[in-house]
Amino acid sequence: MKIKSQLNQIVTQALLDADIPANDIIVSDATRPEFGDYQFNGVMKLAKVLKKNPRAIASDIVKHINTTGMISKVEIAGPGFINIWLNNDWLSTEATNILNDSRVGVGIVEKPQKIVIDYSGPNMAKQMHVGHLRSTIIGDTLATLLTFLGNDIIRQNHIGDWGTQFGMLIAYLEEQNADTEHQNLKDLEQFYKNAKIRFDQSEAFANKAREYVVKIQQGDAHCLTLWKQFIESSLGHCEEVYSKLGVNLTHDDVRAESFYNSELPNIIKILKDKNISTNSNGAECVFLEGSDAPVIVQKGDGGFLYATTDLAALKFRATNLEADRICYVVDARQAGHFKQVFAISKQAGMVGNDVNLEHIAFGTMMDKSGKPFKTRDGGTIKLIELLDEAIIRAKATIEKREDYSEEKFNEIAYAIGIGAVKYADLSISRESNYLFSWEKMLSFDGNTALYLQYGYARIQSIFRKHNAKLTGNIVIGDELEHRLALMILKFEDTLTKASIEATPHTITTYLYDLTTLFMRFYEQNPILKEGVTEDVKMSRLQLAQLTANVIEQGLEILGIKVVDKI
RNA sequence: GCACUCGUAGCUCAGCUGGAUAGAGCACCCGCCUUCUAAGCGGGCGGUCUCAGGUUCGAAUCCUGACGGGUGUACCA
């Protein structure tokens, strides 16, 4: 339900009917319950332009606001605020209507876009670690969200499969002998370490590794075979993580760095032809306004850099993939880099002016002491181990709660553990650094996945008891039910906002508020208890059902599973 | 040096396209279970929104400056 745009229209019409020039009329959420459901604050500004008393203008507008449909009451308050209450009958009708809607009342965007989302992007020469977590989780949520709203999403996993480290790894792979094939790649972590040790120990090996870098780049068949074998194996490990995380990235979404290799000389040619780049100290550079350091697109030795690859990728995405919007879900520290390549790509015409380029930046994950998240000895924490620990901790959290079957116990712990990790990440505003805390993320209290899952499970419990068809209509009986119904109907506006601003935490905040509201409703308004009339019972059951539907759908967009029982 | 970014309750964070008395959670204190999952709910305590100016009828929000933290900054990605 698009509530805000409907209200905007009603208020705009009221202004027009009152002969007041109206443009960009925006109604906002009321700041307090006693101020109604929504408020319009634009009168004071209008008063200045029109040189009239704001309360007089407000009164004029209010007279023309249509209160026969969704709005029940309008009031002028303070210097000229217009407070708006929604009609209970309208709320109940709209809410009842979406009871059997699989989209819980959420429509499709008017103008679907083709959107490329670049996320995860692990380096094949390393095991996935916590540094890849945020990009993977935030990116996947955006992809799911934008798809749900009706856009055409192209996921791009820009894996790092090219560069000097691969010489070392390939040399080691060959030294270990290829006939054992994937066997010696089973424990990739150990493989990386061993290769590094060999590299540091043996000068001969180190030289061979450097030689291999050149060979790979020259397209030596034998080396390329080994390289491909290595990449496949490393990617397999990533997919293990994706699967455990419940992230929708597949082999088909992989468009590796090396994919753009053949295009790189052309990128340089375009930049040279358009006089965008110049040679400086032997390197091909682009000097952008407002910055003293250049963007180097080709090294003095002829090698290319990641700026070049990113330009090629931008060109490919805008031209071949025909994207309207391209989102890069990458660490905030890369902000400067993206600002530069975005500017160059537009200047060089590699990307059309109408294409929206966005760096979806996120902050660093910190530990309790406020330092970047590392193991005790300063190493990076492997993602797969973090996820396994989350599941173990989830088990500890719920083990005393109920007698579960082994299978059920594992299923619930998985949903809670992985959900906790994802939710903790998504619920913080993405640009700020975030503090990693097991205690906080696995708590039943506060804004956590577990609280929402618990709320959902409580509702399922009600329906296990009720276990019969829902009939009748929703009837709003009190203030709490009014707010709950409205909150349910705000789902679409929330998703829309989150999709435009690329802010998953908008969704988590909403779901948390919804669940809190439901818990209060549930405490105060009995559903299946003695003395509740059939009509009221049915109405409340439907509100409970809708709440569960929104929680489930909302969490699904966040990539988090619900469970019937906790 | 220059650029970017952040500074809100003891702690973790919302709010920032200007609006009414700045909100949550944790922690702490006090209440509420013979009845739908009390791992819940209600109430209380807690703030010069880093500081100083400016714009405005109105500033946590916008502008300038200062202080403090983080990050980036010519051939890694």
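All chains are named by letter (A, B, ...) in the order of the sequence lines, taking the proteins before the strands, and each is independently numbered beginning at 1. Not measured: the values here are computed from a predicted model.
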Any N or O donor-acceptor pair linking the side chain of N83(A) to the base of A20(B) at under 3.5 Å?
-> yes
Quick one: the side chain of S280(A) and the base of A74(B), do they pair up donor-acceptor inside 3.5 Å?
-> yes
Would S369(A) and D367(A) count as having a side-chain donor-acceptor pair, cut-off 3.5 Å?
-> yes
Do we see a donor-acceptor contact under 3.5 Å between the side chains of Y212(A) and T164(A)?
-> no
Flag if over 12 foreign heavy atoms under 6.0 Å of CG, D301(A) | yes
Grab the [atom1]-[atom2] distance between [X] and [N] for me, whole Å please.
{"X": "R333(A)", "N": "G72(B)", "atom1": "CZ", "atom2": "P", "value": "6 Å"}
{"X": "Y423(A)", "N": "U12(B)", "atom1": "OH", "atom2": "P", "value": "19 Å"}
{"X": "D513(A)", "N": "G25(B)", "atom1": "CG", "atom2": "C1'", "value": "12 Å"}

Rounded distance in Å between the [atom1] positions of [N] and [M]:
{"N": "U5(B)", "M": "G23(B)", "atom1": "C1'", "answer": "24 Å"}
{"N": "C13(B)", "M": "C6(B)", "atom1": "P", "answer": "15 Å"}
{"N": "U17(B)", "M": "U12(B)", "atom1": "P", "answer": "25 Å"}
{"N": "C41(B)", "M": "U8(B)", "atom1": "P", "answer": "27 Å"}
{"N": "G18(B)", "M": "G1(B)", "atom1": "P", "answer": "34 Å"}

Closest approach to the side chain of [X], judged atom by atom: which nucleotide of [options] is it?
{"X": "Y451(A)", "options": "U21(B), G25(B), C41(B)", "value": "C41(B)"}
{"X": "T509(A)", "options": "A77(B), A14(B), U21(B)", "value": "A14(B)"}
{"X": "K48(A)", "options": "U56(B), U37(B), A74(B)", "value": "U56(B)"}
{"X": "K465(A)", "options": "U37(B), A20(B), C57(B)", "value": "U37(B)"}

Does the aromatic ring of Y512(A) sit over the six-membered base ring of A24(B), closer than 5.5 Å centre to centre and tilted less than 30°?
-> no
Under the criteria of a ring-centre distance below 5.5 Å and an interplanar angle below 30°, is Y454(A) stacked with the base of U37(B)?
-> no
Could you check if the base of C33(B) is syn or anti? Syn means the glycosidic torsion is within 90 degrees of 0.
-> syn
Only one of R483(A), K4(A), K497(A) passes salt bridge (charged side-chain N to carboxylate O under 4.0 Å, His left out) with D29(A), and that residue is K4(A)
Evaluate the ring planes of F463(A) and H466(A), with Trp represented by its six-membered ring, and classify them as parallel (under 30°), tilted (30 to 60°) or perpendicular (over 60°).
-> perpendicular
Is there a Watson-Crick or G-U wobble partner for C2(B) with both distances under 3.5 Å, and if so, which one is it?
-> G72(B)
5' priority, RNA chain B, between A307(A) and R430(A) [closest heavy atom] = R430(A)
Tell me which of N41(A) and A283(A) sits closer to the 5' end of RNA chain B, going by the nucleotide each one is nearest to.
-> N41(A)
